[in-house]
Protein chains: 2
Amino acid sequence: MDVIFLRKPKIVILGAGYGGIMTTVNLQKKLGVNEADITLVNNNDYHYQTTWLHENAAGTLHHDRSRIQINDIIDRSKVNFVQDTVSKIIPEERKVILDNGELTYDYLVVGLGYESETFGIKGLKENAFAIANISSARQIKEHIEYQFAKYSNMREKKDELITIIIGGAGFTGIELVGELANRIPELCQEFDIDRDKVRVVCVEAAPMILPGFDPELVDYARSYLERKGIEFRIGTAIKECTTEGIIVAKDDQVEEIKAGTVIWAAGVRGNGIVEESGFEAMRGRVKVDPYLRAPGHDNVFIVGDSSLMINPENDRPYPPTAQIAMQQGINLASNLAVLIRDSGNLEEFKPDLKGTVCSLGHDDAIGVVFGKKIVGWQAAFMKKVIDNRALLLIGGPMLVLKKGKFNFL
Amino acid sequence: MDVIFLRKPKIVILGAGYGGIMTTVNLQKKLGVNEADITLVNNNDYHYQTTWLHENAAGTLHHDRSRIQINDIIDRSKVNFVQDTVSKIIPEERKVILDNGELTYDYLVVGLGYESETFGIKGLKENAFAIANISSARQIKEHIEYQFAKYSNMREKKDELITIIIGGAGFTGIELVGELANRIPELCQEFDIDRDKVRVVCVEAAPMILPGFDPELVDYARSYLERKGIEFRIGTAIKECTTEGIIVAKDDQVEEIKAGTVIWAAGVRGNGIVEESGFEAMRGRVKVDPYLRAPGHDNVFIVGDSSLMINPENDRPYPPTAQIAMQQGINLASNLAVLIRDSGNLEEFKPDLKGTVCSLGHDDAIGVVFGKKIVGWQAAFMKKVIDNRALLLIGGPMLVLKKGKFNFL
């Protein structure tokens, strides 16, 4: 990499998710105005906290709390912002095609995020909701409220209208179910409906909820949520999603569960644009080198959910998490500064896994933090600490004050 | 009427609308515990302010502000409350059939309210909303919000989703349109939508809006609402309502207006149960005698929107208004006390029309009060005075403090 630039090198960052925004804010700290020409591209004029979207979907947190105006966190003297949608990357020409223009780059950072993975289950794409971004989370919230309003105004009540099915009891599915457990009583009061009429059914193909979590914590989560009225259907596969609900199978038993709302929370994959642009990918995720580079492309870096790294401890991919995406952004910003200044060696990216906390609504959680198992209010507290820390890294203490979570009780 | 009761006479009041609730609260003031056995029947455990429902539907006022728990306004030592739905009245047997029981009466007060009148327009019943009660108003609010959320999450936007059609530019139609004019900018902010994309179209078959109102006031209302972005289609009849919108005709021109929401606000009729029970009625309204009695039934009184009285000044029926329904309740309670005590002559009911104010949102209105034309903030203020006065008559000063409208600016 001994390229000498006769002009300012151009860095283009695609996506203002955790990976892209962390790369951007750290780059603007490290580089002077004249060192590089940095352009951030995003389809919205805001970043959002993906890990908070289930709260927006359940209606327990307003969507404005989960989003941050990009103008409030970038330094416009150092970073150009282009609001547009990426349609293709042409690495051979060092070019990005947008819906309304194109950009050339010397260094490209791809942080285009995840897409919902439906594993070819019939009707899921057409009839189920997925939490993909602010507007889809907001639509889920409004959809659920509308079902409750409609039910309340029905002369002959169809109880299935106020049944909500969550597909998947992984991290996202359980966190969503936890919020709904808190939200349902509020909805019942708002729309004059008996709590007993409402069903929240969480369907999981695996033989347990939260696969990969410590069994003791899993037991805690399950019994806590069941006490709050959540039904679990474990070892049960969704065969089809219709306009009426879902068809499930357990062993050889096939059953229809009717529901006014089906939310698919069981699978994500990398962004389709990455594959379509010719990068080698598995389910949309590109296996990057230790410096986050796409194979064969020394100037294309991939961060967040579209990147794939293998955990040497268990030989399995690291899960796509906000924690890793943010750490990647910090590492990458340093390495880009090194490259631009030609000032030394690149530093390998190594995830520093501090732990995981899965919330069960705002008032309970389970988790492992610094190797220690926690449940109850301590875990719920830690969850908020983690959420606030993400804000701190993205936008500093003022952002924590503005959007942080302080309802600690 | 020289009946002598060997037991306490039974008064049954059907419906806790303006007429029924005013009869009830005034009767409980006039009669002692041992003078009569009073039973109020209502399908909900609350009374609601029908004249406020358009605000709940538009989303400018929470529906809980428009309803009052019946237990909070009746004296349970004097009035029995039965929460049930009336299915039939059998006057020959002095009996009322409820969904879950039956009641006999000596005196019956029928205050069952209005129903939407669709004049046989094709598809209106199936595809248009009507503001009938709390739960239908709440459903309209949620429906509109859901259309906005859906639109915001659409990749290829269908603008008609956020078009709202109001059928009818009479009193109710205009008051609803006025609230929507205030609500749309809020919805646009909440759901990230350009105000310019939203259409509110008010369709009226008559050659002017607010037929019967003073032309100067009508001009004021129309230009005020047009400035706020409302479109009027005057002299235009709705021929059909479909799942996609409406088909209208003006002269010989037929046009389709696509819309995600159609609200019919153009016609009301008396409650169907009154006709079905054999009372002589015109569009569900029974022409009562000066003591509010149904023809041929000395012990059946009809108040509110199911009663019909002719205004001798213009030989036309008085319009069905809250003002008249409440005055009827006051008059009827006095007359019932006279009948029960056999203490003199009945007093004829004479409406005392103090004026009419039509709101154009919470911050403007037009009206004629004590014969004087008013517009602007004075009219908006008067509207709130009228609304608060209704609360005062129903539940006293505490109710005004609890549910009254004090946002005078």
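Order of the sequence lines sets the chain letters (A, B, ...), proteins ahead of strands, with each chain counted from 1. All values derive from a computational prediction rather than experimental measurement. Atom set for the values below is all heavy atoms of this structure, side chains included, hydrogens, waters and symmetry mates excluded.
Distance CD/A:Gln147 to CD/B:Glu142: 10.5 Å, rounded to 0.5 Å.
Scanning all heavy atoms of the two residues, the minimum distance from A:Asn153 to B:Ser135 falls at OD1-OG, 2.9 Å.
Between B:Glu190 and A:His63, the closest side-chain pair of non-hydrogen atoms falls below 4.5 Å. Side-chain contact between B:Glu145 and A:Arg138: absent, with no pair of heavy atoms (C-beta onward) separated by less than 4.5 Å.
In this structure, A:Lys88 places its NZ atom where only 12 or fewer heavy-atom neighbours from other residues, nucleotides or ligands lie under 6.0 Å away. Remark: A:Gln189 CD is loosely packed, at most 12 non-hydrogen atoms of other residues, nucleotides or ligands lying under 6.0 Å away. Within 6.0 Å of the NZ atom in A:Lys122, the count of heavy atoms belonging to other residues, nucleotides or ligands does not exceed 12.
The candidate from B:His62, B:Met154, B:Lys141 with the greatest count of non-hydrogen atom pairs under 4.5 Å with chain A is B:His62.
Contacts of B:Tyr151 with chain A are absent, with no heavy-atom separation under 4.5 Å from either backbone or side chain. Interface residue A:Asn133: only side-chain heavy atoms are found under 4.5 Å from chain B. Using a 4.5 Å cut-off between heavy atoms, A:Phe191 touches chain B through backbone and side chain atoms alike.
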Apply side-chain contact (heavy atoms from CB on, under 4.5 Å) to B:Asp192 and A:Arg67, showing your working. CA-CA 12 Å; B:Asp192 305 322; A:Arg67 61 178 168 183; 2.7 Å; yes
